[in-house]
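Quick note on labels: first sequence line is chain A, next is B, and so on, each numbered from 1. Below, all heavy atoms of this structure are taken into account, side chains as well, without hydrogens, waters or symmetry copies. The structure displayed is predicted, hence computed values, not measured ones.
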Amino acid sequence: MSGDGDARTVPVDRLDRAGAATEWLRLAAEVAAANRAYHGADAPEISDADYDALKARLIAIEERFPDLAEAGSPSAEVGAPPAEGFAKVRHAVRMLSLGNAFTAEDVAEFDGRIRGFLNLPAGAPLAYTAEPKIDGLSLSLRYEAGRLVQAATRGDGETGENVTPNARTIADIPQRIDAAPEVLEVRGEVYMAGADFEALNARQAAAGAKTFANPRNAAAGSLRQLDPAVTAARPLRFFAYAWGEVSEPLAETQMQAIARLAGFGFATNPLTRRCDTLAELAAYYAGIEEQRATLGYDIDGVVYKVDDLALQARLGYRSTTPRWAIAHKFPAQLAWTRLEAIDIQVGRTGALSPVARLHPVTVGGVVVSNATLHNEDYIAGRDARGNPIRDGKDIRVGDWVQVYRAGDVIPKVADVDLSKRPGGAEPYVFPDHCPECGSEAIREPGDSVRRCTGGLVCPAQAVEKLKHFVSRGAFDIEGLGAKQIEMFFADAALPIREPADIFTLAARDAASLARLKNRDGWGEKSAQNLFAAIEERRRIPLDRLIFALGIRHVGEVVAADLARHYGNWPAFLAAVDAAGPALARHLAAEAAVEAERAAANAEGRRARISETRDAVWADPPLPEGARAAWMDLVNIDGIGTTVAVSLVTTFHQPAERASIDRLAAHLTVADVAARGAVDSPVAGKTIVFTGTLEKMTRAEAKARAEALGAKVSGSVSKKTDLVVAGPGAGSKATAAAELGIETIDEDAWLALIGG
DNA sequence: GTGCCTCGAGTTCC
DNA sequence: CTCGAGGCAC
């Protein structure tokens, strides 16, 4: 850092507003100048370290006085590129994955679901396309005015990595295309042919470089090279099979669209076929499976898509997969090996998860030495309901076990060879105490998981909670990943034992920088970067904060629901606090209802459920607003009593609450706006469909309405905003009329939402 | 009460 | 990626 400049500066937390404003102007000008110098061809005027220090201080000032940066700040610009890695790219249209089918029945169900959704009779024609599923990595290529402007990996589907310079080196990918739509995103698979893979590995071995386990890894490793020259030297290929954003429709059917892509100069898979019946799909699958070994490239199944693009549009998407396509996977590859040990891992919720330590074995081109064993029932050979799995065969240390990779990724134990079981092998005894902290580990009735009861006292839980806290959807602090958390957790001099410690790391110890930079893998620059990254996250959106707390049953989606409902941290805290007294009452009421059920059963009378529940809630009286706060929480869409109990319990455990309060003291929590208003005439409305719908099925109508931001309900109440009534509508239409709710027919509905 | 669908929490290897 | 289970509609 620029020592003379910063030594004289006032700590940011002691700056007054006027001083901050003056300094902000100066820093903003310097950072902007450095950004210009960097982006232009000029040699940068200042070193990276000085730049980082300037920017860190600028950001720190903006954290404290956010209004200063409102008109725009150079801190938002990307200055020096990250030392490694690729820029992130947000996909204009999400890159989804496909649902899987493993059997002919799964495929028949897929076909049945589609026919049901579209309301097609069983015999009606419905054409599919079928193509081999290439085992590579998917890539999205964006063309504007016919020129390749961006190539991005799939990433998590929302955001991928910008690998444009690398993609330009792939011969199958045209730099320019003629007569194309103004905007065209072509999607497909980057892969490496088997022969090319062998040759590459031979070259790698000869050069003393590391070899790749399989063509897919080689393709992925080659595409994600920081130096495009390396990628250029790798034999990568590309098949186009889909598209993202397009400024005009490509075609009317999938087959035509693929033909158009081929016309633009893309390689498309020559085995793509149209199939008119399930029998044709089955024959295609069998044929491809037969050719698999001689194709020259790896595939892991075949993909079926509804051919008619208008039908694809009607079918639309579920949360992570299209309804109109499915991958029919080949059977997983299997391998036998010896189970050497069973270890227990403790997760952030205290779950004890057994992991099989295996004698290393190659499964589908990858060496596997660990596999999940799920839970204690899975080891014992029965499922949660007590039904036998693996014919009831249990798993013992020393057994020969059959391993496969579920979805070609997660290793699992499929079977046990009892004939090879060593004499003296004992049934595995699942621990009833936490192997990490010794606390009792108990299994709630009906739960398949045994959990450590140590809570924050358990070091394993504490460290896993911290890892969750810094993970991607949560605080996502650059330079503070799982490995660094482990390091800091175990560090006696500079420990991080709870989230609040992260934000005192720099301040706790002026010498921390010196201590950090002398550690393995840490230099002054990386320590500075870490502190700057932490500073950047002092301001955090409410949804991320709630998610980061790691409350059981509160994941990313529920956290976002809560944040949108309460809007800001004080309101959220106030609501959870207010609901506190109702928590015990809820539990007492449910216990009383259980008791009443049992009593009624014994006495052979009808249980008086709501009377019992109401009585417990009513007496003794609860503090003002407690029940209202509880009901408000439980009535949020997607939140029920399980989530509410978990949430309120967490905030009312003194140790947990103290830890949360300590954390919050370091943060500026950004408000979250109510559910993003979709721009449609029905956004936010509650709609009921009734009677016979003639132009669409009920499922389709519901999906369309929800995509437009409406809530679809099954029954008419005073909350209903609109009723769409087809012929034969009965009591619901009457109820709507009585309540004075607007009722329209199907055509009016279609006109309202635009066809 | 039953049956979807979605979400959460767990896992491996590169 | 998969499993279990929570939430909710039927």
Any A/T642 side-chain nitrogen or oxygen under 4.0 Å from OP1 or OP2 of C/dA5: no
Please work out which of the three classes, parallel, tilted or perpendicular, describes the rings of A/F475 and A/F469, given edges at 30° and 60°. parallel
Pairing of A/D399 and A/R338 as salt bridge, 4.0 angstrom limit: no
So, OP1 or OP2 of B/dC13: does either fall under 4.0 Å of a side-chain N or O from A/N370? yes
Could you tell me how far apart A/L562 (CG) and C/dG6 (C1') are, to the nearest whole angstrom? 14 Å
May I ask you to verify if any side-chain N or O of A/T641 is less than 4.0 angstrom from the OP1 or OP2 atom of C/dG6? no
Provide, to the nearest angstrom, the distance between the OH atom belonging to A/Y404 and the P atom belonging to C/dC3. 6 Å
Separation of C/dG6 P from A/I639 CD1 (nearest whole Å): 15 Å
Which residue lies more 5' along DNA chain B, comparing A/A371 with A/A559 via nearest heavy atoms: A/A559
By the 4.0 Å heavy-atom rule, please label A/V449 as base, sugar-phosphate, or nothing. nothing
Take the protein atom NE2 of A/H468 and the nucleotide atom C1' of B/dA9, then report the distance between them rounded to whole Å. 10 Å
d(CZ, A/F547; P, B/dG8) in whole Å: 8 Å
Within less than 4.0 Å of OP1 or OP2 of B/dT12, is there a side-chain N or O belonging to A/R405? no
Is there a side-chain contact between A/T153 and A/L223, using heavy atoms and a 4.5 Å cut-off? yes
Which nucleotide in the list C/dA5, B/dT11, B/dC13 gets nearest to the side chain of A/S369? B/dC13
May I ask you to say what A/N375 touches in the nucleic acid, namely base, sugar-phosphate or nothing, with a heavy-atom cut-off under 4.0 Å? nothing
Would you kindly give the CZ-to-C1' distance between A/R113 and B/dC5, to the nearest whole Å? 11 Å
When you check the gap from the basic side-chain N to the acidic O, do A/E161 and A/K88 get nearer than 4.0 Å? no
Regarding the side chain of A/V558, the nearest nucleotide among B/dC14, B/dC7, B/dA9 is B/dC7
On the nucleotide B/dG10, are OP1 or OP2 found under 4.0 Å from the side-chain N or O atoms that A/Q345 carries? no
Below 4.0 angstrom from OP1 or OP2 of B/dA9, is there any side-chain N or O of A/S353? no
Report the distance from atom CG of A/L373 to atom C1' of C/dC3, rounded to the nearest whole Å. 14 Å
I'd like to know if A/D447 pairs up with A/R451 as an ion pair, taking the criterion as any Lys NZ or Arg NE/NH1/NH2 lying under 4.0 Å from an Asp or Glu carboxylate oxygen. yes
Starting at atom CZ of A/R451, determine the distance to atom P of B/dA9, rounded to an integer number of angstrom. 8 Å
